[in-house]
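What follows is one structure encoded as C-alpha cells, with my remarks underneath.
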Amino acid sequence: MQNLTLAVLFGFIFLSTITNCSSDNSKNDATERLFYLDEEMRTGKADGELEYLLGNIRDIEIGKDDVMFVSDNQAPVLRMYDKYGVFIKNSGREGRGPGEYLYFGGMGMFPDGRLAVWDQRNRRVNIYNKTGEFLKSTLFGGGIFTDEVFKVGNEGNFYFLGWFGNTERSKQRRKYWLKVSEEGEVMDTLAFPKPMNTNELSFVIFTSIGNTFPFIEEQITALSVEGYLITGLNSDYNLKFLYSDTPKENITRANETVSIPSEERSQWRKFKQRFPISTVTIPDEKPVYKEIFTDADSRIWVWRYTEAWETDKVSANIAVENGWWEQPTFDVFLENGEFYGIVEFPWNTKFMEAKGDKVWTLQTGEKGEQYIVRYKLVPKD
C-alpha cells in the first residue's frame with residue numbers, strides 16, 4: 001500500500017513514497033555476531049580554522065589510503081582530509097566554471113580512484129582525479145533533491161534517482177535509478193517495485209541519527225554499487241534482489257516484535273500535531289527495519305527498529321528536551337546475503353560509509369557543528 005509522506009525542513013516540504021504490506025518470515029537465522037566500534041579518527045570543530053567547521057555534510061567518499069573527500073553544502077565546498085583527519089586542500093570552488101559547483105547532490109568513487117561529484121544546480125557531474133584535481137564534466141538534465149540520489153557503480157557508470165510521473169508530488173509516483181554512462185548516455189532504468197495507492201499522509205523528523213518516521217510500514221529499496229536493487233516490505237524481514245546478473249537467495253532473518261510504550265506513543269502524537277494535514281496512525285508495534293544502506297564493499301546494512309530510550313543525546317529539527325529515541329542498530333550482511341554481524345552505533349551517530357573493517361560516521365555537537373568519526377569494527381568476545 002503506497003502512502004504519501006510529508007516532511008518539513010528549513011521551510012521546504014518534501015514528499016516520499018511509503019508502502020504497507022506484510023508476510024511471514026521464511027528463514028530463522030539464529031547467528032549472533034556482535035561488533036563494537038573502536039574510534040580511530042575524529043575531525044571537525046565547533047570553532048577555529050575554517051577547514052574544520054563542518055555544518056551541512058552531504059556525502060563522504062573514501063579514496064586511496066583512506067583519504068576522505070567531504071562535500072559540505074554549508075559553503076558549498078569540497079574538501080580533502082588524510083586518514084588522520086588532517087585537512088589537505090579544497091577541490092574546486094563555488095561557481096559555474098570548470099570544476100566549480102553550486103550544490104552537492106551526492107558523490108561516488110570510480111574503481112580507479114577518480115571522484116564523481118553530482119552538482120545538481122549546475123546539472124552536471126564533475127570528475128576529479130585521486131588528488132582532487134578537476135578533469136572534466138558530464139552534463140545531465142534530470143535528478144531530484146532528496147537523500148541518496150546519486151551513486152557510481154563498480155562498473156564505472158552513474159546512477160541518478162528519479163520519479164516516474166510528471167512531478168515529485170504525484171500520487172502515482174514510483175522511483176527508479178537511471179543508469180548513465182560516464183559520457184552521459186542513458187543505458188538502463190532500474191524501477192523500484194510498484195506500490196499500491198493510498199491517500200494516507202505521514203511525516204518525517206530529521207535527527208542527528210538520520211530520518212525517523214512514525215513507524216510506517218513501507219517498501220524500502222537500496223542500490224548496490226554492483227548495479228542491482230535490494231528491496232523489501234519492512235513489515236517483514238525478507239529482502240529480495242532485483243536486476244542482479246546472477247540469481248541470489250532472499251535475505252531472511254528472525255526478529256522479535258518491538259512494542260511502542262505509552263511515553264513513546266505520546267511523543268509521536270505530539271510530533272503529529274505539528275503536521276496538521278497528516279492522517280497517519282501511530283501503531284502499537286514497530287515495523288522490522290527503517291532503512292537499508294549499502295557500503296563500498298557491497299555489504300548490506302539494515303537499520304533495525306529497536307526499543308527506544310529517553311535521552312537528550314539526539315538532536316532533531318523539532319526541539320525536544322528529552323526525547324524517546326532508538327540507539328542506531330544495524331544488521332550487516334555480505335553481498336551474497338550471508339549474515340555478517342550486528343553493529344550498535346553510539347548515540348547521535350549517523351552511518352555514512354563502510355569499507356573493510358572501518359566505518360565512517362557523522363556526529364552532531366551541541367552547537368550544531370558536525371564531526372566525521374571513523375571507527376574500527378571489532379568483534380565482541
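For this chain, numbers begin at 1 and follow the sequence in order.
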Keeping [X] on the side-chain end and [Y] on the backbone end, is there a donor-acceptor pair under 3.5 Å?
{"X": "Asp297", "Y": "Gly356", "value": "yes"}
{"X": "Lys89", "Y": "Met80", "value": "no"}
{"X": "Asp119", "Y": "Tyr103", "value": "yes"}
{"X": "Ser224", "Y": "Gly227", "value": "no"}
{"X": "Ser266", "Y": "Glu264", "value": "no"}
{"X": "Ser202", "Y": "Val280", "value": "no"}
{"X": "Thr294", "Y": "Leu223", "value": "yes"}
{"X": "Tyr128", "Y": "Gly99", "value": "yes"}
{"X": "Asn238", "Y": "Gly232", "value": "no"}
{"X": "Thr212", "Y": "Ile205", "value": "yes"}

| field | Check against side-chain hydrogen bond (donor to acceptor under 3.5 Å, both in side chains), Asp331 and Tyr289 | value | CA-CA 10 Å; Asp331 292 339; Tyr289 56 92; over 6 Å; no
So how far is it from [X] [atom1] to [Y] [atom2], rounded to the nearest 0.5 Å?
{"X": "Lys272", "Y": "Gln267", "atom1": "NZ", "atom2": "CD", "value": "15.0 Å"}
{"X": "Leu190", "Y": "Trp177", "atom1": "CG", "atom2": "CH2", "value": "10.0 Å"}
{"X": "Asn129", "Y": "Ile127", "atom1": "CG", "atom2": "CD1", "value": "11.0 Å"}
{"X": "Phe192", "Y": "Ile220", "atom1": "CZ", "atom2": "CD1", "value": "10.0 Å"}
{"X": "Phe215", "Y": "Arg265", "atom1": "CZ", "atom2": "CZ", "value": "9.0 Å"}
{"X": "Tyr84", "Y": "Thr43", "atom1": "OH", "atom2": "OG1", "value": "14.0 Å"}

If Ile, Leu, Val, Met, Phe, Trp and Tyr residues are connected whenever their side-chain heavy atoms lie under 4.5 Å apart, and connections chain through other members, are [X] and [Y] in the same group?
{"X": "Trp309", "Y": "Trp268", "result": "yes"}
{"X": "Val258", "Y": "Trp303", "result": "no"}
{"X": "Leu78", "Y": "Trp360", "result": "no"}
{"X": "Phe150", "Y": "Val186", "result": "yes"}
{"X": "Trp324", "Y": "Tyr305", "result": "no"}

Taking atom [atom1] of [X] as the centre, report whether more than 12 heavy atoms of other residues, nucleotides or ligands fall under 6.0 Å from it.
{"X": "Glu321", "atom1": "CD", "result": "no"}
{"X": "Lys248", "atom1": "NZ", "result": "yes"}
{"X": "Lys136", "atom1": "NZ", "result": "yes"}
{"X": "Glu256", "atom1": "CD", "result": "no"}
{"X": "Arg42", "atom1": "CZ", "result": "yes"}
{"X": "Asp112", "atom1": "CG", "result": "yes"}
{"X": "Lys83", "atom1": "NZ", "result": "no"}
{"X": "Lys240", "atom1": "NZ", "result": "no"}

Heavy-atom side-chain proximity of [X] to [Y] below 4.5 angstrom:
{"X": "Leu233", "Y": "Pro193", "answer": "no"}
{"X": "Met68", "Y": "Met41", "answer": "yes"}
{"X": "Phe140", "Y": "Leu178", "answer": "yes"}
{"X": "Lys175", "Y": "Thr221", "answer": "no"}
{"X": "Arg79", "Y": "Leu54", "answer": "yes"}
{"X": "Thr246", "Y": "Tyr228", "answer": "no"}
{"X": "Asp284", "Y": "Ile260", "answer": "no"}

| Geometric class of the Phe351/Trp301 ring pair [parallel <30°, tilted 30-60°, perpendicular >60°] |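 Answer is tilted, since the angle falls between 30° and 60°.
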| query | In terms of the angle between their ring planes, are Phe345 and Phe330 parallel, tilted or perpendicular, with boundaries placed at 30° and 60°? | reply |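 Phe345 and Phe330: tilted rings.
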| Does Arg121 make a cation-pi contact with Tyr101 (under 6.0 Å, within 45 degrees of the axis)? |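 Judged by the rule (NZ or CZ under 6.0 Å from the ring centre, within 45° of its axis), Arg121 is not positioned above Tyr101.
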| field | Lys/Arg cation over aromatic Tyr52: Lys45, 6.0 Å, 45° cone | value |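 The answer is yes; both the distance and angle limits are met.
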| task | Show your working on side-chain contact (heavy atoms from CB on, under 4.5 Å) between Glu335 and Glu226 and close with a plain yes or no. | result | CA-CA 9 Å; Glu335 182 194 354; Glu226 299 297 332; 3.5 Å; yes
Can you tell me if [X] and [Y] form a side-chain donor-acceptor pair at under 3.5 Å?
{"X": "Ser137", "Y": "Asn126", "answer": "yes"}
{"X": "Tyr243", "Y": "Asp188", "answer": "no"}
{"X": "Tyr371", "Y": "Glu369", "answer": "yes"}

| query | Got a salt bridge between Arg253 and Glu32, using NZ or NE/NH1/NH2 to carboxylate O under 4.0 Å? | reply |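 Between Glu32 and Arg253 there is a salt bridge, with a charged N closer than 4.0 Å to a carboxylate O.
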| Ionic contact status for Glu182 with Arg114, cut-off 4.0 Å |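 Salt bridge between Arg114 and Glu182, a charged N being under 4.0 Å from a carboxylate O: yes.
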| Residue of the set Lys350, Met352, Glu40, Gln363 for which side-chain contact (heavy atoms from CB on, under 4.5 Å) holds with Val373 |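 In the set Lys350, Met352, Glu40, Gln363, the residue that makes a side-chain contact (heavy atoms from CB on, under 4.5 Å) with Val373 is Gln363.
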| said: Looking only at the aromatic ring of each residue, does the gap between the centers of Trp118 and Phe158 stay below 6.0 angstrom? | reply: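 Distance test on ring centres: not under 6.0 Å, no.
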| Check: Phe203 ring centroid to Phe271 ring centroid under 6.0 Å |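 That pair fails the under 6.0 Å test.
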| field | Worked verdict on Glu185 versus Glu183 for side-chain contact (heavy atoms from CB on, under 4.5 Å) | value | CA-CA 6 Å; Glu185 177 187 358; Glu183 292 73 32; 5.6 Å; no
